[in-house]
Amino acid sequence: MPSERESIDIKKAMTYDLLQIIEAEPDRTYTVEELKRILNVYIKGLEQ
């Protein structure tokens with residue numbers, strides 16, 4: 001089990017990854033459904 005510090009670092013890294021995905025198209029507006037799909041695809045990618 002990760003330590004508290006490792007857990008925080010993992011969360012920060014995941015947030016950074018997701019920001020990179022969203023900022024790849026700065027002029028794009030995302031719907032709630034699109035954001036859910038991005039999150040789900042990201043999570044499924046981590047499970048592989």
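Keep in mind it's a predicted model, so treat the numbers as computed, not measured.
L18 contributes atom CG, which lies 10.0 Å from atom CG of L35 (distance to the nearest 0.5 angstrom). Interatomic distance, CD of E34 versus CZ of R37, reported as 5.5 Å (0.5 Å rounding).
By the 6.0 Å contact criterion, CD on Q20 is enclosed, its count of non-hydrogen atoms from other residues, nucleotides or ligands being greater than 12.
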Result block: side-chain N/O donor-acceptor pairs under 3.5 angstrom for residues 5-16, not counting sequence neighbours:
unit_1: R5; atom_1: NE; unit_2: D9; atom_2: OD1; d: 3.4
unit_1: R5; atom_1: NH2; unit_2: D9; atom_2: OD1; d: 2.8
unit_1: E6; atom_1: OE1; unit_2: S3; atom_2: N; d: 2.8
unit_1: E6; atom_1: OE1; unit_2: S3; atom_2: OG; d: 3.4
unit_1: T15; atom_1: OG1; unit_2: K11; atom_2: O; d: 2.9

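Take Y30 and apply the side chain to side chain donor-acceptor pair (under 3.5 Å) test, not counting sequence neighbours, and it matches no residue.
Ion pairing of K36 with E33 is present here, as a side-chain N (NZ or NE/NH1/NH2) and a carboxylate O approach within less than 4.0 Å.
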